[in-house]
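Take a look at the structure set out below.
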Amino acid sequence: MSKQYIKQILADAAIDTAVVVRGWVRTKRQSKNVTFINLNDGTTINNIQAVVEADTITEEVLAKINTGACLEIYGKLIASQGGNQKVEVQVENIKILGEADPDTYPIQPKKHSFEFLREKAHLRPRTNTFGAIFRIRHALSFAIHNYFNDHGFFYLHTPIITGSDAEGAGEMFRVTTLDLKNPPKTEEGNIDYREDFFGKETNLTVSGQLEGELGALALSKVYTFGPTFRAENSNTSRHLAEFWMIEPEVAFNDLTDNMDLAEDFLQYLVRYALQHCEDDLAFLDARFAEEEKQKPQQERSELGLLGKLKFVTENSFERLTYTEAVSILKNAKKKFQFPVDWGTDLQSEHERYLVEKHFKKPVILTHYPKDIKAFYMKMDEDGKTVKAMDVLFPGIGEIIGGSQREDDYQKLKDRAAQVGIEEESIWWYLETRKFGSCPHAGFGLGFERLVLFVTGMGNIRDVIPFPRTPKNADF
RNA sequence: GCUUCCUUAGCUCAGUCGGUUAGAGCAACUGACUGUUAAUCAGUAGGUCCCUGGUUCGAGCCCAGGAGGGAGCGCCA
């Protein structure tokens with residue numbers, strides 16, 4: 001007989017059948033004649049209530065049933081007398097699989113701060129909030145593969161260790177097997193990477209995009225979904241040193257196609273979560289509302305979490321050029337801390353104003369000045385701007401960055417040279433423009449930023465099981 | 001990297017103008033209770049006030065340095 005899990009038992013609600021439930025104790029309420037145990041096995045946010053009538057279980061066993069303990073309960077599923085659940089387990093026997101000493105078990109049936117739970121990352125999945133987050137995280141991962149598979153994309157595995165240092169997306173983590181105390185030196189006194197494992201300098205990838213483009217120029221539609229590493233000393237609630245990124249790349253797509261894809265993709269993912277994570281989102285919606293109540297009126301969000309998610313699925317994103325955005329900001333009544341000027345990158349406060357105050361919906365900004373964007377973006381006809389796009393979300397900021405890629409061999413070579421990238425280091429990338437080049441476009445979606453938006457959480461460290469941030473790599 | 005705030009019981013926090021024995025809620029423990037919903041009620045126990053140094057008759061509170069954490073900014077996804 002296959003094992004029973006709480007989600008299925010609650011869904012089937014097969015009254016008067018024998019059940020075996022296993023899970024971790026959330027709460028125990030004891031009175032003279034009856035004891036109630038709420039058990040959760042993580043398959044759903046809902047607990048199952050086990051009812052122990054006096055004298056069925058010995059005092060000795062009952063005393064060991066504390067919050068956090070793991071139990072195997074044998075009994076009968078019956079209709080519940082209580083109002084908060086349809087069914088409950090009438091207990092016949094309990095086997096304690098693992099005790100949890102109440103004096104030292106840190107997770108209590110009460111509110112904990114997220115800062116505290118971050119230090120207990122090994123146990124925090126046992127809480128309602130983190131259980132919900134990690135189930136939603138899974139659902140979104142699955143939806144990503146689903147979407148691309150249904151749309152004829154191929155999942156391309158790009159390398160984690162890269163010998164290319166030209167991705168230009170940020171500081172990199174060095175990968176080496178050299179003895180750091182006594183590395184081999186060249187005649188000039190530099191470290192001799194020819195002696196290293198790969199015979200050259202290698203790093204952890206900051207983006208799979210360049211390799212993704214190689215795939216797109218052969219398979220037409222590809223995507224990557226893998227871990228990405230940035231050694232930037234970023235101390236914010238929106239950055240991780242190790243995060244997961246989704247990067248579709250499509251041959252024959254231009255910037256408009258790219259925007260259409262990004263918008264359809266994001267709306268699909270949010271809709272998928274709304275359809276498949278109802279219980280977890282209802283819980284997080286209530287949590288979000290509670291959190292909002294603590295904030296001063298002015299900072300409160302007009303919509304609840306579910307409201308925000310539905311809004312994104314039901315409204316098209318606002319599309320405008322960087323130049324148009326600059327003029328809106330220049331004419332805004334609001335005083336900004338930083339001045340707005342054509343040619344400089346927009347500050348967070350500017351992006352927030354556009355998304356949260358002016359348009360009040362997701363915004364796609366396009367055609368940025370070439371000097372503030374990467375070398376591989378396709379130059380516009382005016383020679384001043386590039387076919388770039390950033391998708392900005394309320395409360396998150398930039399969730400997607402992408403572009404139509406430069407497909408002209410000479411122009412790409414010139415741009416690389418201008419920003420100081422050596423031709424030898426990207427010869428393979430340049431060759432795709434030399435042999436059978438074609439228009440193509442793609443983007444990068446920060447997975448944790450998506451999870452942040454869907455769950456309504458405030459800190460990116462709380463939507464990945466084991467966050468990696470500057471000065472923190474525990475667990 | 002920059003700015004700013006915080007660190008008091010296991011957790012979440014209060015602590016007045018620098019004053020004698022540092023408090024509350026929750027958790028834990030003991031007991032009561034005929035079905036509870038983070039049960040309720042009564043009681044018990046629980047403190048390196050982040051660390052180091054200084055000012056003072058006297059420091060949780062003031063000053064200096066350090067450590068850890070949060071928020072904001074920059075870099076970006």
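Below, read A as the first sequence line, B as the second, and so on, with proteins coming before strands; counting in each chain starts at 1. This is a predicted model, so every value here is computed, not measured.
OP1 or OP2 of B:G72 lies within a sub-4.0 Å distance of a side-chain N or O belonging to A:S237. Distances shorter than 4.0 Å separate some side-chain N or O of A:R238 from OP1 or OP2 on B:C73. The phosphate of B:C33 has neither OP1 nor OP2 within less than 4.0 Å of any side-chain N or O from A:R29. Not one side-chain nitrogen or oxygen of A:T228 sits closer than 4.0 Å to the OP1 or OP2 atom of B:A77. For B:G74, the OP1/OP2 oxygens have a side-chain nitrogen or oxygen of A:Q347 closer than 4.0 Å. A close approach under 4.0 Å does occur between a side-chain nitrogen or oxygen of A:N233 and OP1 or OP2 of B:G1. Listed pair A:S348 / B:G74 meets the phosphate criterion, a side-chain N or O lying under 4.0 Å from OP1 or OP2. Remark: A:T104 is not in phosphate contact with B:G10, judged by side-chain N or O atoms under 4.0 Å from OP1 or OP2.
One C1' atom belongs to B:U56, the other to B:C63, and the distance between them is 12 Å to the nearest Å. Distance noted for atom C1' between B:C49 and B:A59: 11 Å (whole Å). Nucleotides B:G74 and B:C2 are separated by 16 Å at their P atoms, to the nearest Å. Between the P atoms of B:A9 and B:G23, the separation comes to 14 Å (whole Å). A gap of 27 Å separates the P atoms of B:G68 and B:G15, to the nearest Å. The same atom, P, is picked in B:A64 and in B:C6; the two are 14 Å apart, to the nearest Å. Comparing the P positions of B:A27 and B:G43 gives a spacing of 16 Å, expressed to the nearest Å. Only the C1' atoms considered, B:G58 is 15 Å distant from B:G54, to the nearest whole Å.
Out of B:C73, B:U37, B:C76, the shortest distance to the side chain of A:R352 is found at B:C73. For A:R449, the side-chain atoms get nearest to B:A77 when compared with the rest of B:A77, B:U36, B:G10. Taking the side chain of A:K32 as heavy atoms from C-beta on, and the options B:C76, B:U34, B:G70, the nearest nucleotide is B:U34. Residue A:M245 places its side chain closer to B:A77 than to any other of B:U12, B:A77, B:G70. Counting only heavy atoms from C-beta on, A:T236 has its side chain closest to B:C75 among B:A77, B:U12, B:C75. Nearest to the side chain of A:E398, among B:U37, B:A77, B:G35, sits B:A77. In this structure, of B:C11, B:G35, B:A71, it is B:A71 that holds the atom nearest to the side chain of A:N459. Picking from B:G35, B:U12, B:G69 the nucleotide with the shortest atom distance to the side chain of A:F36 gives B:G35. Side-chain proximity of A:R461 to the nucleotides B:A28, B:G70, B:A39 is greatest for B:G70.
The base of B:G10 is paired with the side chain of A:Q108 by a donor and an acceptor separated by under 3.5 Å. The base of B:C11 does not come close enough to the side chain of A:H112 for any donor and acceptor atom to sit less than 3.5 Å apart. Not a single donor-acceptor pair, N or O on each side, falls under 3.5 Å between the base of B:U37 and the side chain of A:Q81. Side-chain atoms of A:E88 come within donor-acceptor range of the base of B:G35, with a qualifying N/O pair under 3.5 Å. If you check distances only, the side chain of A:Q30 never reaches the base of B:U36 with a donor-acceptor pair under 3.5 Å.
Side-chain atoms of A:Q90 do not come within 3.5 Å of backbone N or O of A:V51 as any donor-acceptor pair.
Distance, A:D103 CG to B:C11 C1': 14 Å, rounded to whole Å. When rounded to the nearest whole Å, the span between CG of A:N235 and P of B:G1 equals 8 Å.
Judged by centroid separation below 5.5 Å and plane tilt below 30°, A:F447 does not stack onto the base of B:A77.
A salt bridge does not link A:D254 with A:K378: none of the charged nitrogens is closer than 4.0 Å to a carboxylate oxygen. Ion pairing between a basic and an acidic side chain is recognised when a charged N comes within 4.0 Å of a carboxylate O; A:R319 and A:D260 show such pairing.
Side chains of A:Y147 and A:D264: a donor-acceptor N/O pair is present below 3.5 angstrom, by distance only. Of the N and O atoms on the side chains of A:Y376 and A:E213, not one donor lies less than 3.5 Å from an acceptor on the other residue. Side-chain atoms of A:R230 and A:T228 include no donor-acceptor pair closer than 3.5 Å.
When each of A:E119 and A:G83 is assigned the nucleotide of RNA chain B bearing its nearest heavy atom, the one mapping closer to the 5' terminus is A:G83. Along RNA chain B, the nucleotide closest to A:P470 and the one closest to A:S234 are compared, and the more 5′ of them pairs with A:P470.
Distance check: A:F142 CZ to A:Y272 OH gives 5.0 Å after rounding to the nearest 0.5 Å.
You'll find the ring centres of A:F148 and A:F265 inside the 6.0 Å limit.
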